[in-house]
Number of protein chains: 2
Amino acid sequence: MNPKRQPGTSEAVYHRLKEQILHLELPPGSAISEIDTATRYEVSRTPIRDAFKTLSAEGLLEIRPHIGTFVSLIDLDMISDILYMREVLEQAVLRDLAQNHDKSQEFRIRLILQRQRELIESGLTLEELSRAFIVSDNEFHNMLYEMAGKTNVMLFFRTISSQYERFRTFLNLRGRDNLMCLYNEHLAIWDAISCQTYDALSNLISHHIYDGFNSSTDIVYSHPEYFKPVSQRAEF
Amino acid sequence: MNPKRQPGTSEAVYHRLKEQILHLELPPGSAISEIDTATRYEVSRTPIRDAFKTLSAEGLLEIRPHIGTFVSLIDLDMISDILYMREVLEQAVLRDLAQNHDKSQEFRIRLILQRQRELIESGLTLEELSRAFIVSDNEFHNMLYEMAGKTNVMLFFRTISSQYERFRTFLNLRGRDNLMCLYNEHLAIWDAISCQTYDALSNLISHHIYDGFNSSTDIVYSHPEYFKPVSQRAEF
DNA sequence: TATACCATTCTTGTATACAAGTGTCAATGT
DNA sequence: ACATTGACACTTGTATACAAGAATGGTATA
């Protein structure tokens, strides 16, 4: 929950591992042992175990006792439900924001949107651009939640959506067009909030959330080993 | 995530501690040290630390390095946001269920409702009744989520709502009338789903979620030491 | 009397040795 | 040739010793 204390050994390892997992440098399904990681980071097993446990709670690692620890496969069924939750919650939150928002809040949003425009028009590498844009995209949505007085909703969501972030990182390495598309949708969403056009707002949010994924289903089949088989109907 | 393996030492400690925290046998704010707990359960510090870390991730413990570990104070601001999320999500999920539900599913719901009626009319202690009714209440709502095909939504919600469960345990020790009220609301909710009366359904859900809390604000001031001071405006 | 300071003792963080379960693979017996 | 079995290497789980930070309380000093 805490942003960051002095970077204790355990938390430093956690952040570095998480970044590697989210950027697929540690690919889904790959094995990752405590002792190997400990020697790599030149620390003992204890802080490694702490980091593993936290990542496991976030669904990014799967610890199988006496067998090994593995980077979780991407669970599309779970991501589908995360998208559903995000759709429903964001529609509600932004509808509340539209009903009750200051003119003074527009400036902060315009700043973020301007930043996104400059990113797209800059000459960054595609990978650099993707990473920077994802950061700014999160800024945009987080700012909206904060303005609506629903910071905790955003925080809760972040804790359960690491899987989602990983998949998004995977997808957005595609092209500048997608990012331009996202930027335009951001503009439209804020306009809908300003004008209090509720039905349009709901539709914009749904499209904004789902479109990037629906247009990228081919990627799933280009790396099938990264994904958890669906329709297993466990528990039966 | 996994229901339960063989109850390893670490997980056994986790479950026992969690139960004690949720039932307020370990009151909010109380200190709980690793070594004390280790001697109490006759194990070493390592599995205790594992359990502490998990409980900390759920927001039930607060680990302050080199100072101590404490049972978290109940955060009403956070609970307010949990209730908001539950209201929004449950309205959406049950609306989906109403649009697309089998007649065959009614039997399973009726069984649970009958069970609740029998619990209320039985001669159990108030505390026994409360605990049993909370279990059955969760069964009812979980069944609805499962019928709507949104099991993951329910699971996500459970992981972040330990705080909420603790507060609910605290409140429901009040009287048989409240439980009877909840039971009647359950009946009404299922009727609204059957009849597909969507507006009534949304209103029923909102009332069902918020009423118990709004009628019990006095309890907060009877045990002020259990609660986190509000309007601290941290981060500034 | 008030205050500054130091030591003791508590806490959790880290390192490491050992225990216990799992899978691999080769040797052996059929 | 095949199957079974056992040793071995590997994993994570647990126990314990030590390090480092924090708070308390007493003592010496101004």
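Below, chain A is the first sequence line, B the second, and so on; all start at residue 1.
Remark: P of C:dA19 and CZ of A:R45 are 14 Å apart, rounded to the nearest angstrom. Rounded to an integer number of Å, the gap from CD1 of A:I48 to P of D:dT12 is 11 Å. Atom CZ of B:F52 and atom P of C:dT12 are 7 Å apart (whole Å). Computed from coordinates, the B:I67 CD1 to C:dT9 P distance equals 20 Å when rounded to whole Å. The distance from atom CD of B:E42 to atom P of D:dT14 is 16 Å, rounded to the nearest whole Å. A straight line from CD of B:E34 to C1' of D:dT16 spans 13 Å, rounded to a whole angstrom. Per the geometry, CD1 belonging to B:I35 stands 9 Å off P belonging to C:dT12, to the nearest Å. D:dT12 atom C1' lies 14 Å from atom CG of A:D50, rounded to whole Å.
Distances were taken from every side-chain heavy atom of A:R49 (C-beta onward) to each of D:dA23, C:dT22, D:dG13; the shortest belongs to D:dG13. Across D:dC18, D:dT12, C:dT11, the shortest atom-to-atom separation from the side chain of A:H66 is found for D:dT12. Listed candidates were C:dT14, C:dT11, C:dT16. Nearest to the side chain of B:S33 is C:dT11. When each of D:dT14, C:dT14, C:dG23 is scored by its nearest atom to the side-chain atoms of B:P47, the top-ranked nucleotide is D:dT14.
Within 3.5 Å, no donor on the side chain of A:R64 pairs with an acceptor on the base of C:dG21, nor the reverse.
For C:dT14, one of the phosphate oxygens OP1 or OP2 lies less than 4.0 angstrom from a side-chain nitrogen or oxygen of A:T9. For D:dT12, one of the phosphate oxygens OP1 or OP2 lies less than 4.0 angstrom from a side-chain nitrogen or oxygen of A:T69.
Aromatic ring centres of B:F156 and A:F156: separated by at least 6.0 Å. Taking the six-membered ring wherever Trp is involved, the centroid distance between the rings of A:F213 and A:F167 falls below 6.0 Å.
Projected onto DNA chain D by closest heavy-atom contact, A:T46 and A:G68 fall at different nucleotides, the more 5' of which corresponds to A:G68.
For the residue pair B:E146 / B:T151, no side-chain donor-acceptor distance below 3.5 Å is found, with atom types taken as modelled. With hydrogens and angles left out, the side-chain atoms of A:D96 and B:Y84 include a donor and acceptor closer than 3.5 Å.
A salt bridge is absent between B:R16 and B:E19: the closest approach of a Lys/Arg side-chain nitrogen to an acidic carboxylate oxygen does not fall below 4.0 angstrom.
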